[in-house]
Amino acid sequence: MCEDDLMTDTEQQLLQVRQSMARAAETANRDGADITLIAVSKTFGPEEIRPVINAGQRVFGENRVQESQGKWPELKRDHPDIELHLIGPLQSNKTKDAIALFDVIHTIDRKKIADSISAEMARQNKIPRLFIQINTGEEPQKAGVAPGDADAFIGYCRKDLGMAIEGLMCIPPADQHPGPHFALLANIAERNGLSGLSMGMSADYEDAIMLGATHVRVGSAIFGTRG
Ligand SMILES: *Cc1c(COP(=O)(O)O)cnc(C)c1O
């Protein structure tokens, strides 16, 4: 019997994403170990997430704090080595809960949120890893710091708030080729001496890896279409 026969659809999809990531890394002449797959489990419940955990995946992403509170405390209790990433916009009244639950926050996008994350980190004595979201397409409806304000905002977080910033995150406009947006994000990161690049989703994570992504956020390619 072929090993594939024993795998669920989710396990096969996870394996395929991992293989595509490895190929893209090889093409880009990069070490695959430098690229983290964040399995984006938003809208899916514990019964759909557990098979992915059982297949060996330990890094997960969610975009809503409240939804995450309903499922992750128990999953994390069962698997303490899970690393949970917040990849959706953060409201300041949710900062406390976000700092309590998440290991990594990708979406620092304005002064008010940076200030409240900083205060909450001190209060809870927790140090999550932090990314700043850049609105590379300058879309009015999208969160993120405008590219022209990025250097000053990164400086504010680092110098005024004393935060260790790991990198930058972006979500390119849906109707444009993502390449130039990934390249812009990489450029802003480079000139600020930041090594982390959270970019690339199901449709474009291979392009993102070619352009330097250190974290790809992949949902539907692993879990299937969201309801
Ligand atoms: C939902 C989401 C993803 C994953 O999207 P897919 O197209 O399903 O891979 C990645 N990043 C963010 C910020 C998201 O909200």
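- Of the N and O atoms on the side chains of Thr95 and Ser116, at least one donor lies less than 3.5 Å from an acceptor on the other residue.
- Taken together through direct or relayed side-chain contacts under 4.5 Å among Ile, Leu, Val, Met, Phe, Trp and Tyr, Leu130 and Ile134 form part of one hydrophobic cluster.
- With hydrogens and angles disregarded, a donor-acceptor distance shorter than 3.5 Å links the side chain of Glu67 to the backbone of Thr43.
- Closest approach of Ile108 to Cys157, counting heavy atoms only: CG2-SG, 4.4 Å.
- Within 6.0 Å of CD on Glu48 lie more than 12 heavy atoms contributed by other residues, nucleotides or ligands.
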From CA spacing to verdict: side-chain hydrogen bond (donor to acceptor under 3.5 Å, both in side chains), Asp149, Tyr156:
CA-CA 11 Å; Asp149 299 333; Tyr156 173 75; over 6 Å; no
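- More than 12 non-hydrogen atoms from other residues, nucleotides or ligands lie less than 6.0 angstrom from CG of Asp81.
- Contact record, Pro147 with Leu184: CG-CD2, 4.0 Å, taken as the closest heavy-atom pair.
- In this structure a side-chain-to-backbone donor-acceptor pair under 3.5 Å is present from Thr8 to Glu11.
- Between His106 and Ile38, the shortest heavy-atom contact is CE1-CD1, 3.6 Å.
- Residue-environment remark: CZ (Arg64) stays at or below the threshold of 12 foreign heavy atoms within 6.0 Å.
- Taking the charged nitrogens against the carboxylate oxygens, Glu62 and Lys71 do have a contact shorter than 4.0 Å, which makes a salt bridge.
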Glu166 vs Leu194, side-chain contact (heavy atoms from CB on, under 4.5 Å): CA-CA, chis, key distance, verdict:
CA-CA 6 Å; Glu166 176 166 332; Leu194 293 169; over 6 Å; no
Intermediate values then yes/no, ring-ring contact (aromatic ring centres under 6.0 Å, His included), Phe102 and Trp72:
CA-CA 9 Å; Phe102 288 91; Trp72 282 103; 8.8 Å; no
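- Judged by distance alone, with hydrogens and angles left aside, the side-chain atoms of Lys76 form no donor-acceptor pair with the main-chain N or O of Ile82 at under 3.5 Å.
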Go through it in stages, so that I can follow the logic: the residues are Leu168 and Asn192, the test is side-chain contact (heavy atoms from CB on, under 4.5 Å), and I'd like the CA-CA distance, side-chain angles, deciding distance and then a yes or no.
CA-CA 10 Å; Leu168 304 179; Asn192 284 282; 5.8 Å; no
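- Here Arg30 does not pair with Asp34 in a salt bridge; the nearest charged N to carboxylate O distance is not below 4.0 Å.
- With values rounded to the nearest 0.5 angstrom, Ile209 atom CD1 is found 12.0 Å from Leu197 atom CG.
- In plain terms, the two heavy atoms of Leu90 and Arg110 that are nearest each other are O-NH2, 3.4 Å.
- The environment of CD in Gln19 is crowded: more than 12 heavy-atom neighbours from other residues, nucleotides or ligands sit within 6.0 Å.
- Ionic pairing of Glu120 and Lys96 is not present here: no N-O contact between side-chain nitrogen and carboxylate oxygen is shorter than 4.0 angstrom.
- Of the inter-residue distances, the one linking Phe153 atom CZ with Ile165 atom CD1 reads 7.5 Å to the nearest 0.5 angstrom.
- Between Ser220 and Arg226, the side chains place no donor N or O within less than 3.5 Å of an acceptor N or O (distance only, hydrogens not considered).
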Verify ring-ring contact (aromatic ring centres under 6.0 Å, His included) between His215 and Phe131, making sure each step is shown before the conclusion.
CA-CA 11 Å; His215 294 75; Phe131 287 71; 5.3 Å; yes
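- Side-chain polar atoms of Arg18 and Gln57 form a donor-acceptor pair below 3.5 angstrom.
- Of the charged side-chain nitrogens involved, at least one lies within less than 4.0 Å of a carboxylate oxygen, so that Asp151 and Arg191 count as a salt-bridged pair.
- Proximity of a side-chain donor or acceptor of Arg129 to a complementary backbone N or O of Ile105 within less than 3.5 Å is not detected.
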Can you check side-chain contact (heavy atoms from CB on, under 4.5 Å) on Ile132 and Asp109, steps first, answer last?
CA-CA 6 Å; Ile132 291 170; Asp109 63 350; over 6 Å; no
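- Within the 4.5 Å cutoff, the side chain of Leu86 has no heavy atoms near those of the Leu84 side chain.
- Here the CZ atom belonging to Arg50 is positioned 8.0 Å from the CG atom belonging to Asn54, to the nearest 0.5 angstrom.
- At least one side-chain heavy atom of Leu75 sits less than 4.5 Å from a side-chain heavy atom of Ile49.
- The shortest side-chain heavy-atom distance between Leu101 and Gln69 falls under the 4.5 Å cut-off.
- No donor-acceptor distance shorter than 3.5 angstrom exists from the side chain of Asp204 to the backbone of Pro178, with no hydrogens or angles considered.
- Cluster membership for Phe44 and Leu15, using ILVMFWY side-chain heavy atoms within less than 4.5 angstrom, is not shared.
- Within the 4.5 Å cutoff, the side chain of Thr36 has no heavy atoms near those of the Thr214 side chain.
- Grouping the Ile, Leu, Val, Met, Phe, Trp and Tyr side chains by contacts below 4.5 angstrom, directly or via other members, places Met199 apart from Met210.
- Around the CG atom of Asp9, the shell of radius 6.0 Å holds no more than 12 heavy atoms that belong to other residues, nucleotides or ligands.
- With rounding to the nearest 0.5 Å, the separation of CD1 in Ile127 from CE in Met121 is 5.5 Å.
- Between Arg217 and Ser198 the shortest side-chain heavy-atom distance falls below 4.5 Å.
- Follow the hydrophobic side-chain contacts under 4.5 Å out from Leu161 and you reach Ile99 in the same cluster.
- Residues Val52 and Phe60 form a side-chain contact, since some pair of their non-hydrogen atoms from C-beta on lies under 4.5 Å apart.
- Closest approach of Ala143 to Gln133, counting heavy atoms only: O-NE2, 3.3 Å.
- A donor-acceptor contact shorter than 3.5 Å is absent between the side chain of Lys126 and the backbone of Asp103.
- Contact detail for Pro180 and His177: the closest heavy-atom pair is CD-O, 3.3 Å.
- Under a 3.5 Å cut-off, the side chain of Ser20 and the backbone N or O of Gln16 do form a donor-acceptor pair.
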Step by step, work out the side-chain contact (heavy atoms from CB on, under 4.5 Å) result for Tyr205 and Val17.
CA-CA 9 Å; Tyr205 63 90; Val17 169; 3.9 Å; yes
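- By the neighbour-count criterion of 12 heavy atoms within 6.0 Å, atom NZ of Lys112 is sparsely surrounded, having that number or fewer from other residues, nucleotides or ligands.
- Under the 3.5 Å distance criterion, the side-chain polar atoms of Gln13 are matched with a main-chain donor or acceptor of Ile222.
- In this structure, CG in Leu185 is found 12.0 Å from CD in Glu190, a value given to the nearest 0.5 Å.
- A distance of 11.0 Å separates CD in Gln91 from CD in Gln66, rounded to the nearest 0.5 Å.
- The shortest side-chain heavy-atom distance between Met21 and Val216 falls under the 4.5 Å cut-off.
- Hydrophobic clustering (side-chain heavy atoms under 4.5 Å, transitive across Ile, Leu, Val, Met, Phe, Trp, Tyr) keeps Val65 apart from Val40.
- Within the 4.5 Å cutoff, side-chain heavy atoms of Leu14 are placed close to those of Leu37.
- Counting only N and O atoms by type, the side chains of Thr136 and His181 include a donor and acceptor under 3.5 Å apart.
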